[in-house]
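Here's the structure we're looking at; comments come further down.
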Amino acid sequence: MIDAQQLLKDDKLVIGDKEFSSRLIVGSGKYKDFEETAKATEASGAEMITVAVRRVNITDPDKPNLLDYIDTSKVMILPNTAGCYTAEEAVLTAKLAREALGHGFVKLEVIGDQKTLYPDMVETLKAAEILVKEGFTVLPYITDDPVMAKKFEDIGCAAVMPLAAPIGSGLGLQNPYNILFIKEAVSVPVIVDAGIGTASDASVVMELGVDGVLMNTAIAQAKDPIKMAVAMKHAVIAGRLAYLAGRIPKKMYASASSPVEGIIGR
Ligand SMILES: CC(=O)[C@@H](O)[C@H](O)COP(=O)(O)O
């Protein structure tokens, strides 16, 4: 039987010195409890879960700790700097995370505006420069701007994470052309982050040829997070396979599904 696993067995997502079979990265916020977070993460097949180190306990053993629920031999904890509004705060948060987790991967998030939660690109670039110099593997959350994406690649970021739509909005991909421009502009992995609402949104971004997708709200706030996690797993795989298979060109007019040659009377 031909299945997705077999077709994608050599199709790995490589970020820095790490290799992943799943192209879905999940968030850890907005769940009922850590048990639900862990179940949904497992159901999603994700091999990376991002954790806001300023909001989720991963250091204090005396309080409920997410690390007691996630099998870190299968799923890598990707700390993020959510809640930081300046480069200084983000750098400090990344350093605390590296100390707690023992690795230097960081999803860099420096927010510039409360209403849209859009990233502040000036502060994000400043923080990225410092963190790269200090040996971190930096994955910055950025606006969907190809010029900025290139700057992050040029200073040594290991991936770029442009938004599909504002965090938590569930609006789905707002500007497919900018994501395509970013994909053309950089050679590091492009992970679309934020704004995914449902499974078809995930397939749409993957069909563009991006390297992965990160989502939180769409799974955590679904009526049934476990079912949605499974839907997202399949949506990401379907989108990736469709991209690799190559979509047919769109045409204005019909073309018959059966050949017309050899029809009696022709
Ligand atoms: C979890 C994370 O790192 C964020 O960037 C964000 O929460 C993802 O956005 P959505 O919640 O819209 O998927």
Side-chain angles (χ1 to χ4, degrees), residues 1-14 20-26 43-46 142-147 149-150 159-219 221-266:
M1 195 185 69
I2 299 171
D3 62 13
Q5 209 181 356
Q6 187 190 336
L7 290 171
L8 294 173
K9 73 176 183 331
D10 299 321
D11 183 58
K12 305 292 181 200
L13 168 62
V14 180
F20 305 91
S21 296
S22 170
R23 291 177 180 273
L24 172 59
I25 304 171
V26 292
S44 74
I142 63 170
T143 48
D144 56 354
D145 175 344
V147 178
K150 183 79 181 92
V160 289
M161 308 187 87
L163 52 83
I167 292 173
S169 68
L171 286 170
L173 185 59
Q174 293 299 291
N175 197 337
Y177 293 102
N178 276 24
I179 299 297
L180 283 171
F181 294 153
I182 290 174
K183 193 59 201 153
E184 266 181 20
V186 302
S187 35
V188 291
V190 176
I191 315 285
V192 170
D193 174 10
I196 298 297
T198 188
S200 54
D201 296 336
S203 292
V204 165
V205 297
M206 290 307 297
E207 284 170 10
L208 292 178
V210 301
D211 302 275
V213 57
L214 188 153
M215 65 182 74
N216 184 178
T217 311
I219 297 177
Q221 300 276 283
K223 247 189 255 157
D224 186 331
I226 311 303
K227 282 199 181 86
M228 187 57 89
V230 175
M232 291 301 187
K233 170 184 175 172
H234 290 291
V236 170
I237 291 171
R240 181 64 182 171
L241 278 171
Y243 166 72
L244 294 174
R247 66 155 296 141
I248 59 161
K250 292 183 184 180
K251 288 186 204 144
M252 186 117 139
Y253 297 107
S255 65
S257 296
S258 325
V260 283
E261 290 83 35
I263 291 178
I264 298 164
R266 288 228 172 195

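Within the 4.5 Å cutoff, no side-chain heavy atoms of Val192 are placed close to those of Met215. You'll find the side chain of Pro166 reaches within 4.5 Å of the side chain of Leu171, heavy atoms only. Side-chain atoms of Val160 and Lys150, non-hydrogen and from C-beta on, never get closer than 4.5 Å to each other.
Once rounded to the nearest 0.5 Å, the distance linking CG of Asp11 with CZ of Arg240 reads 4.0 Å. Distance check, rounded to the nearest 0.5 Å: CG of Leu180 to CG of Asp144 gives 11.5 Å. One finds the CG atom of Asp145 at 10.5 Å from the CG atom of Leu163 (value rounded to the nearest 0.5 Å). Atom CD of residue Gln221 and atom CG of residue Asn216 lie 8.0 Å apart, to the nearest 0.5 angstrom.
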Working note: Leu208 + Leu173, criterion side-chain contact (heavy atoms from CB on, under 4.5 Å); need CA distance, chi angles, decisive distance, verdict.
CA-CA 11 Å; Leu208 292 178; Leu173 185 59; 3.5 Å; yes

Notebook entry, point to check: Given Met206 and Arg23, is the side-chain contact (heavy atoms from CB on, under 4.5 Å) satisfied, shown in steps?
Noted result: CA-CA 9 Å; Met206 290 307 297; Arg23 291 177 180 273; 3.9 Å; yes

Intermediate values then yes/no, side-chain contact (heavy atoms from CB on, under 4.5 Å), Leu8 and Leu244 | CA-CA 10 Å; Leu8 294 173; Leu244 294 174; 3.7 Å; yes

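Considering every non-hydrogen atom in both Ser22 and Leu13, the closest pair reads O-CD2, 4.0 Å. Between Ile237 and Ala4, the shortest heavy-atom contact is CG2-CB, 3.6 Å. Heavy-atom minimum distance, Val213 versus Ile196: CG2-CG1, 3.9 Å. Of all heavy-atom pairs spanning Asp193 and Met161, the tightest one is CB-CB, 3.9 Å. Taking both residues in full, the closest heavy atoms of Gly195 and Ser169 are given as CA-OG, 4.0 Å, listed atom of the first, atom of the second, then distance. The two residues Leu241 and Leu7 come nearest to each other via the heavy atoms CD2-CB, 4.0 Å.
Residues passing the salt bridge (Lys or Arg N to Asp or Glu O under 4.0 Å) test with Asp224 are Lys227, sequence neighbours excluded.
Under the 3.5 Å distance criterion, the side-chain polar atoms of Ser203 are matched with a main-chain donor or acceptor of Ala235.
Around the CD atom of Gln5, the shell of radius 6.0 Å holds no more than 12 heavy atoms that belong to other residues, nucleotides or ligands.
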